[in-house]
Amino acid sequence: MNVLRKINRVLLVLLVLMVCLLLHSTVLRKSTRPKLSDHLKGLASATQVAAVREPEPYDVVPVVICASEERIGATMAVINSVYSNTDASLFFYIVTLRDAVKLTRQYIVKTKLKGIKYKILEFNPMVLKGKVKPDSSRPELLHPLNFVRFYLSMLDIKHKRVIYLDDDVIVQGDIKDLFDMKLKPGHAAAFSTDCDLPSTHEMVASIGMQTTYMGFLDYRKEEVRDLGIDPRKCSFNPGVFVADVTEWKKQKITKQLEKWMEENVRHNIYSSAMAGGVATPPMLIVFHDKYTTLDPLWHVRHMGWSPDAHYSENFLQGAHLLHWNGPFKPWHYPAVHLDLWERWFIPDPSRKFSLVRPKSHY
C-alpha cells in the first residue's frame with residue numbers, strides 16, 4: 001500500500017508539472033503574438049511616416065485653370081496645347097462650379113485628354129458675397145470663376161508653385177520653361193507688364209487699349225490717390241502668372257485682394273475705362289512693385305480686343321503663349337488668328353460646346 005501511495009504521488013507530481021508546462025507554453029505564445037491594436041498602431045505609424053516622407057514633386061508642372069460650362073471647350077483647348085508641347089510631367093487643377101463637374105470629367109475621359117493627370121476642384125461662389133458689384137458692360141467678367149485666381153491659397157493645391165492660365169490662351173512653348181523661371185525673393189507671383197513688347201505697341205495703339213494704372217483705377221477717388229501709385233505706371237495682366245503658393249499664404253494675398261474688392265463695393269474705386277474689368281484692379285493694387293516680370297514672349301496679349309488688328313505671322317510663330325483677352329474670343333466669330341487656336345480645339349463629346357463660325361469657314 002505504501003508503495004502504491006508513493007507511485008500515486010509521483011504521478012500526481014508529474015501531472016502537475018505537465019499542466020504547469022502547458023500553461024507556461026500557452027502564456028508564452030500569447031505574449032509573443034502581435035495584438036490587433038499593435039497592427040493598427042503599426043499601420044498608423046507607417047501612414048504618418050509616408051505622409052512626412054512624401055517628396056515635393058519638383059519634376060511636376062502644376063497648372064491651375066478654370067472650366068465654366070459655357071466655355072468648357074476653351075479650357076480643353078488650353079490643356080491640349082500645354083499637354084502637346086512638353087515632355088514634362090503635368091498636373092492640372094481644374095476649377096469649376098458644381099453644375100459643370102460632370103461635364104468637365106466627361107470631356108476629359110472621352111477624348112484624347114484621358115491620359116492627363118488632373119483633379120477637379122469645386123469653387124464656392126458664396127465666398128464672393130458682398131465683394132463684387134453686380135454691374136458691368138461685360139457680364140462674363142463677373143462670372144465667379146473669374147475670381148478663382150484670388151483664392152489660390154484656399155484651393156486644395158498640394159504644390160508650392162503653380163502656373164495660373166486663363167481659358168482664352170494657347171500655349172505654344174514648353175510650359176516647363178515658364179515654370180522654372182526664378183521669382184525674386186519675397187515675390188508671390190510673376191506677371192507680364194502691358195508695356196513690355198515693342199511688337200504689341202502698334203496693336204495697343206490701334207485698339208485704344210489701356211496699359212497704365214489710370215485705365216483701371218479711378219484717380220478721382222481719395223482711396224486711390226492715397227495709394228501713392230503713379231497713374232502713368234505700367235499695368236500688368238493677371239491672366240497668366242506663376243505663383244509661389246507658400247509666399248502667397250505668408251503674405252495673406254487673398255485677404256488683401258478681398259479688402260480691395262470690398263472697398264470697391266463701398267466706394268466704386270475701379271475705373272470704367274476697361275469696360276468692367278473687375279478682376280484686374282485688386283491685383284494691380286496688391287502686387288504693385290511686388291512682382292517678378294515674365295518673359296514677354298510667354299504672354300502675347302490683346303488678341304481678343306479687335307476682330308481686325310492682326311500680329312505678323314513671324315512674330316506669332318515665335319510666341320510661347322497667345323492670349324485672346326478682350327471680347328472677341330477665338331471660339332466665336334469674328335476673331336483673329338483662328339487657325340492658331342483651332343489646331344488645339346477638341347470637339348465636345350457631349351456636343352454642348354460648339355464653335356461659332358461662318359459657313360464659308362469650312
Side-chain angles (χ1 to χ4, degrees), residues 63-68 70-82 84-85 136-143 145-146 148-149 163-173 175 178 191-194 196-197 199-211 215 235-241 274-280 294 296-313 315-348 353-358 361:
V63 178
V64 178
I65 187 168
C66 296
S68 65
E70 56 273 25
R71 291 164 58 143
I72 188 74
T75 300
M76 298 306 157
V78 181
I79 293 174
N80 187 28
S81 71
V82 173
S84 300
N85 286 306
S136 174
S137 58
R138 289 179 58 198
E140 73 273 16
L141 296 178
L142 296 176
H143 194 288
L145 294 180
N146 204 33
V148 163
R149 71 197 85 192
I163 294 173
Y164 173 88
L165 299 176
D166 272 354
D167 64 1
D168 53 357
V169 311
I170 288 297
V171 176
Q172 299 186 137
I175 196 76
L178 178 60
F191 302 96
S192 54
T193 72
D194 286 326
D196 52 15
L197 268 179
S199 305
T200 67
H201 293 173
E202 184 178 345
M203 164 84 83
V204 168
S206 68
I207 60 180
M209 267 288 296
Q210 295 288 338
T211 58
S235 55
F236 61 82
N237 186 295
V240 174
F241 61 91
M274 291 306 297
V278 292
T280 298
L294 291 181
L297 289 177
W298 268 108
H299 196 179
V300 174
R301 303 170 298 288
H302 316 315
M303 296 177 65
W305 276 99
S306 169
D308 303 310
H310 291 71
Y311 285 113
S312 75
E313 291 301 322
F315 171 68
L316 291 175
Q317 292 302 322
H320 304 317
L321 182 146
L322 307 176
H323 189 180
W324 280 263
N325 57 311
F328 298 96
K329 303 302 184 186
W331 53 90
H332 286 158
Y333 189 85
V336 298
H337 303 296
L338 299 179
D339 57 321
L340 295 177
W341 185 87
E342 278 190 30
R343 70 176 61 172
W344 308 112
F345 173 66
I346 300 172
D348 181 2
F353 180 92
S354 58
L355 302 184
V356 178
R357 295 289 185 263
H361 184 72

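The side chain to side chain donor-acceptor pair (under 3.5 Å) check on H320 picks up nothing, with sequence neighbours excluded. With sequence neighbours left out, P327 forms a side-chain contact (heavy atoms from CB on, under 4.5 Å) with R138, W305. Partners of S312 by side-chain contact (heavy atoms from CB on, under 4.5 Å), not counting sequence neighbours, listed by chain and number: N314, F315. Remark: D166 pairs with R149, Y164, D168, V169, H323 by the side-chain contact (heavy atoms from CB on, under 4.5 Å) rule, at least two apart or across chains. Evaluation of the side chain to side chain donor-acceptor pair (under 3.5 Å) rule for H332 yields no partner, not counting sequence neighbours. The salt bridge (charged side-chain N to carboxylate O under 4.0 Å, His left out) check on D348 picks up nothing, with sequence neighbours excluded.
With rounding to the nearest 0.5 angstrom, the CG atom of L355 is 9.0 Å from the CG atom of L338.
S81 has its side chain within reach of V171: a pair of non-hydrogen atoms, C-beta onward, lies under 4.5 Å apart. Contact annotation: the side chain of N237 approaches that of D194 to within less than 4.5 Å [non-hydrogen atoms, C-beta and beyond]. Side-chain contact between Y311 and H302 is present, with at least one heavy-atom pair separated by less than 4.5 Å. Residues E70 and H143 form a side-chain contact, since some pair of their non-hydrogen atoms from C-beta on lies under 4.5 Å apart. Side chains of P358 and Y333 form a contact here, defined as non-hydrogen atoms less than 4.5 Å apart.
For the side chain to side chain contact (heavy atoms under 4.5 Å, CB included) test with M76, the passing option among N80, V78, I79 is I79; the others fail. Exactly one of W324, F353, F345 qualifies for a side chain to side chain contact (heavy atoms under 4.5 Å, CB included) with W331. That residue is F353. The side chain to side chain contact (heavy atoms under 4.5 Å, CB included) test with H299 singles out one residue from L178, V240, N325, and that residue is V240.
Looking at S235, its side chain does come within 3.5 Å of a backbone N or O of T211 through a donor-acceptor pair. Formation of a donor-acceptor pair under 3.5 Å by the Q172 side chain with backbone atoms of L316 is found in this model.
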Evaluate the criterion side-chain contact (heavy atoms from CB on, under 4.5 Å) for residue pair I163 and I175; output intermediate values, then yes/no. CA-CA 9 Å; I163 294 173; I175 196 76; 3.6 Å; yes
